[in-house]
Amino acid sequence: SADLAMYHSKERGRDQLYFFEQQMQHKLRQRQQLERELKTALLEQQFILHYQVKVDAKGKVAGYEALIRWQHPEQGLLSPNVFIPLAESSGLIIDIGLWVLKTACLQIKKLTQEGLSIPIAVNVSELQLGQQDFVDVVKQVITATGIKPTLLELELTESMLHHDLARTRQTLISLSTLGVTFSLDDFGTGYSSLSYLKNLPISVLKIDRSFVKEFLNETTDHAIVSTIIGMAESLKLAVVAEGVENEEQFQALNAMGCSLFQGYLFGKPAPIKN
Ligand code: C2E
Ligand code: MG
Ligand code: MG
Ligand code: MG
C-alpha cells in the first residue's frame, strides 16, 4: 500500500504538471490574442487618455498627467499595466506612443484656447526615446498642434537612461532647448544614478507611490521620501509625491517641503471634459 500511495502521488504530480502546462498554454494564447487585438486597436480608435491632476502646496492645479486606457470591445476598459508591456515587447509602443503624444498636445491646445496655460505630462517608453528621429517626431507634433513647448512635459524612468547615455543626453538637450521639460517618474525604484541628475536636463523628480504609501508608519520609507525631497531642494528640482491618498500624507509631505502632489486625494485619472 506504500507503493500504491507512491503511485497515487506520482499520478497526482503528473496531473498537477499537466494542469500547470495547460494553464501556461492558456495564458500564452491569451497574450497572443491580446497582441493581435492591440494591432487593430489604434485603427479602431479604441485608446483613450485619462488625465490625472497635479496640485501645488495650496491645492491649486499645477498640471495634468496623460494616462492611456484601452477601451477593449469585450473586456472593457483595460489598464496600461495590462497592455503597455505587450506594446513594448511587440514594438507597437512606437505608434501608440505617437498617438498619445498627439492627443495630449491637442488637449494642451484646447486648454490654451480656453485661456488655460496648464502643462500636460506624457509618459515615454524606452523604445520611443531610443528612436533615431525622436527629437524630430516631438518637434513635428509641437509644430503641427502649435502648442507652447513649455507646456509639454515628458516623463522618463531612471532605468531607460543608462543604455546610451551620450545619445540620451543629446536627445534631452535638443528638446529642452525648445522648452520641453523632463521629469523622472517612479524615482527611487530604478537604477538611480545621481550623475543623471547632474548631466541631464531633468527638472522634476516624482517620488514613487510605493514610498509614499506607508511613509507615515514606516521609518525607512519616511527616510527615503525625506531624502528625495532634500536632494531635490539642493539640486533646485521640483519634486512630486505620487499616490497621495489622504490628508495626513498631504500635510506631512507639505511640511517636509514637497512642492507638488498627485494622487486620489486630489483626483483619479479621468477624461477632461470640454
Ligand atoms: P505612472 O506613470 O507612474 O502613473 C501613475 C499610476 O498610479 C497611474 O496608474 C495612476 O492611476 C496611479 N495612481 C495615481 N494616484 C494614485 C493613488 O493615489 N493611489 C493609487 N493606488 N494609484 C494611483 P495607471 O494609469 O494604471 O498607469 C500605470 C502605468 O502605466 C503608469 O505609471 C505608466 O508607467 C504607464 N503608462 C500609462 N500611460 C502610458 C502611456 O501613455 N505611455 C507609456 N509608455 N506608459 C504609460
Ligand atoms: Mg508617469
Ligand atoms: Mg509615476
Ligand atoms: Mg508609477
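We use all heavy atoms of the structure for the numbers below, so side chains are in, but hydrogens, waters and symmetry mates are not. Predicted, not measured: the structure shown is a model, and the values here were computed from it. One-based numbering, in listed order, for ligands and for the atoms of each.
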Worksheet item: Only one of L260, D186, I207 forms a side chain to side chain contact (heavy atoms under 4.5 Å, CB included) with E242, so which one is it?
Response: D186

Ligand 1 versus [X], non-hydrogen atoms closer than 4.0 Å: side chain, backbone, both, neither?
X: D186; answer: side chain
X: N81; answer: side chain
X: K268; answer: neither
X: L67; answer: both
X: Q52; answer: side chain

Practice prompt. State, to the nearest 10 degrees, the angle whose vertex is the Mg ion (ligand 2) and whose arms point to OD1 of N123 and OE2 of E65.
Written response: 90°

If we only count heavy atoms from C-beta on, is the [X] to [Y] side-chain gap below 4.5 Å?
X: I202; Y: S183; value: no
X: M231; Y: L197; value: yes
X: L216; Y: E248; value: yes
X: L152; Y: I120; value: no

Worksheet item: Which is it for F47 and F83 under the ring-ring contact (aromatic ring centres under 6.0 Å, His included) test, yes or no, and what are the steps along the way?
Response: CA-CA 11 Å; F47 293 115; F83 64 88; 5.8 Å; yes

Under a 4.0 angstrom heavy-atom cut-off, which atoms of ligand 1 come close to [X]?
X: P80; result: 24 (P), 25 (O), 26 (O), 27 (O), 28 (C), 30 (O), 36 (N), 37 (C)
X: E242; result: 3 (O)
X: S125; result: 44 (N)

Item to complete: Measure from the Mg ion (ligand 2) to each N, O or S atom of S183 and report whether any distance is below 2.8 Å.
Response: no

Discussion item. Taking backbone and side chain together, does E242 place any N/O/S atom at a distance below 2.8 Å from the Mg ion (ligand 2)?
Written reply: no

Just go through [options] and tell me whose heavy atom is the nearest to [atom].
atom: atom 11 (O) of ligand 1; options: P269, G243, A104; value: P269
atom: atom 7 (O) of ligand 1; options: E88, R209, R69; value: R209
atom: atom 2 (O) of ligand 1; options: L265, D185, T189; value: D185
atom: atom 21 (N) of ligand 1; options: K213, E126, E245; value: E245

Worksheet item: Near Q30 CD, under 6.0 Å, is it more than 12 heavy atoms from other residues, nucleotides or ligands?
Response: yes

Side chains of residues 261-269: which donor-acceptor partners sit under 3.5 Å, not counting sequence neighbours?
from	atom 1	to	atom 2	distance (Å)
Q262	OE1	K206	NZ	2.8
Q262	NE2	Q52	OE1	3.4
Q262	NE2	E65	OE1	2.9

Worksheet item: the Mg ion (ligand 2) is nearest to which N, O or S atom of E155?
Response: OE1

Any N/O pair [X]/ligand 1 closer than 3.5 Å:
X: Y264; answer: yes
X: G263; answer: no
X: N123; answer: yes

Discussion item. Between the side chains of K27 and E21, is the shortest nitrogen-to-carboxylate-oxygen separation below 4.0 Å, so that they form an ion pair?
Written reply: no

Worksheet item: Any salt bridge between E153 and K54, counting N to O under 4.0 Å?
Response: yes

Worksheet item: Looking at the Mg ion (ligand 3), which N/O/S atom of D185 is the nearest one?
Response: OD1

Discussion item. I need the single residue from R31, R29, R36, E35 that forms a side chain to side chain donor-acceptor pair (under 3.5 Å) with Q33. Which is it?
Written reply: R36

Worksheet item: Does ligand 1 have any atom sitting under 4.0 Å from a heavy atom of H50?
Response: no

Worksheet item: Does ligand 1 have any atom that is closer than 4.0 Å to a heavy atom of K206?
Response: no

Practice prompt. Verify the distance criterion only: is there a donor paired with an acceptor across the side chains of E214 and N217 at less than 3.5 Å?
Written response: yes

Worksheet item: How would you list, by chain and number, every residue that makes a ring-ring contact (aromatic ring centres under 6.0 Å, His included) with H72, sequence neighbours excluded?
Response: W70

